[in-house]
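First up is the structure itself, then whatever we jot down about it.
Letters A, B, ... are given to chains in the order of the sequence lines, protein chains preceding strands, and every chain is numbered from 1.
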Amino acid sequence: MIPSTAVEVEEDKDLPELPNLDKWPKVTMRLAPFPSGPLHIGNARMVILNDYYVKRYNGELILVFDDTIGSTEKVIEQDAYDLIPEGLEYLGVKYHRTVYKSDRINLFYKYAVDLIKRGDAYVCDCDATVWRNEHKVKRIPCACRVLDAQENLARWEKMLNGAYAEKEAAVRLKTGMTDPDPAMRDHVILRISESEHPRVGTKYRVWPLLEYSWGIDDHELGVSHIIRGKDLVKEGKIEQHIWSLYNWAHPELMYYGRLKFEDAKLSKSKSRREVQDGTYTGWDDPRTWSLQSLDRRGIDAEAVRKVMLDLGLSIVDITISMKSVYSENRKLRDAETPRAFFVQDPVWITAENLDKELIEAHVPVHPDFPERGLRRIPLHAIDGKSTFGIQQSDLNRFKLGTIFRLKDMANFALKKKNPPVAHYHSLDVERVREVNGPIIHWIPREGSIPVEMTLVDGATVMGLAEPGLEKMKAGSFLQFERVGFVRIYQMGDPIQVSFAHK
RNA sequence: GCCCCGAUGGUGUAGUCCGGCCCAGCAUCUAGGGUUUUCGACCCUAUGACCCGGGUUCGAAUCCCGGUCGGGGCACCA
């Protein structure tokens, strides 16, 4: 299964083996996103780690939309059901089947009834606050805990048929009232919610909590290994309690710490607001840090993958920099990336006394690979006179008399600053080196192509790129010399590019 | 208050289980140099770490004890 991945796994063999492999017929893992929005760079760790191990052991990966009803703070969003697979595709993650928690509610009911019959769970109608303060903290069981199965089943029916309103009753698992860990005392596993679900509407009014639904499903789906964030360790303990009650094999639990980026603020709810009110251009806006946005910027999924796998499985919270992703991306893409000139808000400089022979500049497509040919940029000189756009900051640091080179074209001496005028000086690059003159990028006034560049902070800047750019295709990754790497995401006038990194 | 977890250079990680091959490796960042008609790539160099205190041992980043600091949990969220 997925034979094409064998090579790719080879290079990352430094991650540890999964534990207890002999205990399981095969490695089965799952991706369990809550569908509230697209996956972003912060979610990539969970996805890549699971995918990595499944590929390494030729196992099975299940995409499980963890779409139980959520809460007022955590809301399911319909579009996430499509945005998540889209992100997975970008990352090159291959999953073998897709499961929706919201399709499995009856299964959770079945086990709930069973747990109640067995006396391992009960329906509690205590007020949540009262229960916490008077029972959990004081380790005193509430009156509901000792009710017999008969009564509990009657109460369960009342939960299902609406005799209880929201918050009036919930099912608690008897994890133990005397557990030293307060988090473990008779935790709620099912509760009432009358919110409308995007997939199943109002078909159900009793919904399982994450730890319960997984306690059942990790077994039902045959999951062998679970890798997830350490914010879920308590949930893992509750799952283990359930597995023990039924004498099921315990899947291997592994946790990693929280991942933060020093140069990226990740907030799905803020992103959703900004996307909805149009402040962001869409879910691929760079400020969302979604996988879609990385794709739009031309970040190779392999770069993301490499960085995430380098982090390993440490359980400590870490803060890393996007710079490591950019560094990997450059390594991956630099050699294959064509060069181009782009000048943001060009300032026009008149070049005089041009050599009559000089009608076209010849610039290598890639400096390290001359065999890839030349970009030919017409200069449009009339009577030895032409006009070029250069970067304002370059002009600013020039003094009168400064000898500079328009890269891959000719050397000039600055004659006037306002308006800028330069005189042709020489052709050979050595002449500018002799005087340590700057070599700068430029574009001709005639024939240059308007480009709108979206920066990482969402701002857009206008500029001109060299003639010829209009022949590129959407999706191309380029390096604007001395500016940085960009990806064309839409051809047009202007051409739309997204800045990737320096 | 109670429970759990962790601690290696600026950042991240390897080594810790089974003490010596670690005066601690790798990546990234930063600084400098080389090369290059880019502020990219490539090459070289530099700075820089085992949380603290005891103990065991010929020998401890690794084992033991005690601190300190940091993170997470104690939701009818995921």
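- Contact check on K234(A) versus D181(A) returns no salt bridge, with no Lys/Arg side-chain nitrogen under 4.0 Å from an Asp/Glu carboxylate oxygen.
- At a threshold of 4.0 angstrom between heavy atoms, the contacts of Y255(A) with the nucleic acid are absent.
- An OP1 or OP2 oxygen of rG73(B) is reached within less than 4.0 angstrom by no side-chain nitrogen or oxygen of K230(A).
- Phosphate contact (OP1/OP2 of rC77(B), side-chain N/O of R191(A), threshold under 4.0 Å): present.
- Comparing rC76(B), rC3(B), rG71(B) by their nearest atom to the side chain of P182(A) picks out rC3(B).
- Contact check, R339(A) against rG40(B): no side-chain N or O comes under 4.0 Å of OP1 or OP2.
- When ring centroids are compared, W289(A) and H40(A) stay outside the 6.0 Å threshold.
- A sub-4.0 Å separation between OP1 or OP2 of rU13(B) and a side-chain N or O of S314(A) is present.
- S193(A) has no side-chain polar atom (N or O) that falls below the 4.0 Å cut-off from OP1 or OP2 of rC76(B).
- You'll find the ring centres of Y109(A) and W156(A) inside the 6.0 Å limit.
- For RNA chain B, if you chain together Watson-Crick or G-U pairs that step i with j, i+1 with j-1 and so on, the runs of at least three with distances under 3.5 Å are B:1-7 with B:68-74, B:10-13 with B:25-28, B:30-34 with B:42-46, B:51-55 with B:63-67.
- For E434(A) and rU37(B), the CD to P distance is 15 Å, given to the nearest whole Å.
- Using a 4.0 Å cut-off on heavy atoms, the residues of residues 128-142 of chain A that approach RNA chain B are A128(A), R132(A), K136(A), listed by number.
- Near RNA chain B, defined here as any heavy-atom distance below 4.0 Å, the residues from residues 72-82 of chain A are E73(A), K74(A), listed numerically.
- For rA41(B), the OP1/OP2 oxygens have a side-chain nitrogen or oxygen of R330(A) closer than 4.0 Å.
- Put simply, K331(A) has a side-chain N or O that comes within less than 4.0 Å of OP1 or OP2 on rU28(B).
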